[in-house]
There are 2 protein chains.
Amino acid sequence: MADTLTQTQKALLTLRQRVLSGAISGGTRLYEVALAEELAISRTPIRAALSRLAEEGLLERGRGGGFVVRSFALADVVDTIDLRGVLEGTAARYAAERGISLEQLERSRATLREIDRVLATQDIDMEAYSTLNTAFHLQLALMSQSATLQRELARITALPFASPSAFLEDHDRREALQRTLAVAQAQHIAILDAIAGREAGRAEALAREHARAARRNVEFLLSDEGVQREGVPSLALVRD
Amino acid sequence: MADTLTQTQKALLTLRQRVLSGAISGGTRLYEVALAEELAISRTPIRAALSRLAEEGLLERGRGGGFVVRSFALADVVDTIDLRGVLEGTAARYAAERGISLEQLERSRATLREIDRVLATQDIDMEAYSTLNTAFHLQLALMSQSATLQRELARITALPFASPSAFLEDHDRREALQRTLAVAQAQHIAILDAIAGREAGRAEALAREHARAARRNVEFLLSDEGVQREGVPSLALVRD
DNA sequence: GCCCACCTAAATGTATACACATGATGATAT
DNA sequence: ATATCATCATGTGTATACATTTAGGTGGGC
């Protein structure tokens with residue numbers, strides 16, 4: 001059967017979920033034997049899963065073997081979001097410098113039109129926005145025409161707090177959210193416009209600034225005025 | 001005994017060397033059983049080694065399991081070097097924005113003075129230069145005060161052709177080499193000067209341009225006028 | 001009282017037998 | 001002649017027994 005999950009895949013899904021949800025806190029060492037017993041899976045697939053989680057950047061290899069859950073301070077979160085901005089800025093610059101096909105341009109414009117449609121409604125469908133937003137950022141990576149850049153962006157973006165659509169779920173105040181999304185969409189449009197107009201420097205600067213909004217969001221959430229961090233899935237693995 | 005290599009380490013060293021040297025060409029699939037027989041090591045440590053090489057970016061996981069040696073086209077090489085420039089540019093900018101300690105500044109200045117000394121001799125000690133050059137680039141990463149950035153720079157730099165000291169071994173013409181190194185050293189000095197003077201934009205631009213020199217070097221080596229690629233270790237895993 | 005060596009428990013490292021998935025091959029029926 | 005299905009070869013997936021390493025505690029000697 002093709003839909004049967006291997007033991008490695010089961011372990012991978014379970015452990016990834018546990019780490020991302022914060023069920024296992026940063027710095028915790030993961031012992032193969034303990035996990036094997038608990039998940040009723042032998043050590044071999046557990047090791048394979050741990051190894052892949054290390055590839056994803058969720059675990060670190062400890063000295064003398066073993067794996068430890070990676071621990072992220074606020075500074076790490078901010079730096080990682082900024083780094084996404086730098087990489088997306090580079091992607092935008094490449095897209096502008098190298099030029100993109102009419103098909104690519106039209107596809108991205110269509111995505112932005114759909115986002116406009118979602119934002120026009122009174123009660124915004126956040127899941128739809130999130131999907132479309134992620135799609136636009138993915139298209140931006142593709143427009144760079146650099147496999148290297150796509151790869152590194154995918155790596156960074158795999159961290160939940162560095163994803164382009166992080167921190168969208170938890171806005172308690174509707175009007176603040178609508179304003180934020182309107183600004184973000186204006187930046188999307190400007191980035192694509194700069195790329196279409198071959199304005200490389202402008203495209204890069206805009207994409208950097210776009211990520212900066214996410215950074216402000218985090219800083220607000222983790223400030224005293226922010227909501228409880230408990231309710232924010234993207235921040236589950238961030239330590240105090 | 002502490003100096004005894006585990007089987008995994010043996011396999012890792014052997015396989016890494018084979019991939020880096022080009023003994024196994026890009027796109028080749030690596031079979032566990034074959035490697036296990038050949039290296040007289042059981043499959044378990046072989047798998048562990050392959051997994052770590054995938055983490056290092058030298059192998060890719062194939063569909064349906066298995067590992068394949070990653071294949072780099074010229075475009076990938078150029079993009080990766082450029083990416084190093086972008087990341088080092090960001091490191092330089094952070095260093096300038098955030099400020100560095102006097103100890104850090106003096107340490108880097110000392111490194112640059114040593115490079116000056118090496119370059120002043122008639123017959124340049126390339127190994128000494130390479131070591132010092134690598135040290136300076138490492139210090140630049142540290143000055144960023146961003147663990148995230150340090151991590152990503154280390155990842156990129158692990159690829160032989162993206163290392164700051166790549167392509168130093170194979171210059172046939174001495175005077176061209178001396179000119180290249182003099183320019184590079186001038187850039188080093190300017191970058192550190194910009195950081196010390198808190199000139200963030202200048203620091204970033206200079207670090208980017210510094211990587212561009214490596215890019216020009218590759219493009220020359222792979223052009224018709226360049227030497228045979230065979231003699232260039234850094235390019236062993238680059239495909240035609 | 002302190003330090004060093006040894007011991008032990010608990011962890012990872014290793015080998016290997018077997019299970020399972022997949023794709024190639026060839027025989028057979030239509 | 002071709003399509004289909006059984007069979008087999010070859011790969012990874014999994015479990016498990018055993019080896020090895022190492023950290024920590026405990027004892028003895030100085």
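Residue numbering restarts at 1 for every chain, and letters A, B, ... go by the order of the sequence lines.
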Nucleotide [N], atom [atom2] - distance to [atom1] of [X] in whole Å:
| X | N | atom1 | atom2 | answer |
| --- | --- | --- | --- | --- |
| Arg61(A) | dT12(C) | CZ | P | 12 Å |
| Leu12(B) | dT12(C) | CG | C1' | 16 Å |
| Glu32(B) | dT14(C) | CD | P | 15 Å |
| Leu35(A) | dA10(C) | CG | P | 17 Å |
| Arg63(B) | dG11(D) | CZ | C1' | 11 Å |
| Tyr31(A) | dA11(C) | OH | C1' | 8 Å |
| Leu39(A) | dA15(D) | CG | P | 11 Å |
| Gln7(A) | dA21(C) | CD | P | 11 Å |

* Side chain of Ile41(B): nearest nucleotide among dT12(C), dT12(D), dA15(C)? -> dA15(C)
* Taking the side chain of Thr6(A) as heavy atoms from C-beta outward, which of dT12(D), dG13(D), dA15(C) is closest to it? -> dG13(D)
* Between Arg155(A) and Glu152(B), is any pair of side-chain heavy atoms under 4.5 Å apart? -> yes
* Asked: How are the rings of His210(B) and His137(B) set to each other: parallel, tilted or perpendicular (split at 30° and 60°)?
  -> parallel
* Asked: Do Asp79(B) and Ser146(A) get their side chains close enough for a donor-acceptor pair, meaning under 3.5 Å?
  -> yes
* Taking 4.0 angstrom as the limit, do Arg208(A) and Glu204(A) come out as a salt bridge? -> yes
* Is any NZ, NE, NH1 or NH2 atom of the basic residue among Glu114(B) and Arg117(B) found under 4.0 Å from an Asp or Glu carboxylate oxygen of the other? -> yes
* Return yes when atom CD of Glu106(B) has more than 12 non-hydrogen atoms of other residues, nucleotides or ligands closer than 6.0 Å, and no otherwise. => yes
* Answer yes or no: are there more than 12 heavy-atom neighbours, outside Glu219(A) itself, under 6.0 Å from its atom CD? => yes
* Could you identify which residues of residues 42-57 of chain B place a heavy atom less than 4.0 Å from some atom of DNA chain D, listed by residue number, or say none? => Arg43(B), Arg47(B)
* Asked: Contact class for Arg29(A) vs. all strands (heavy atom < 4.0 Å): base, sugar-phosphate, or nothing?
  -> sugar-phosphate
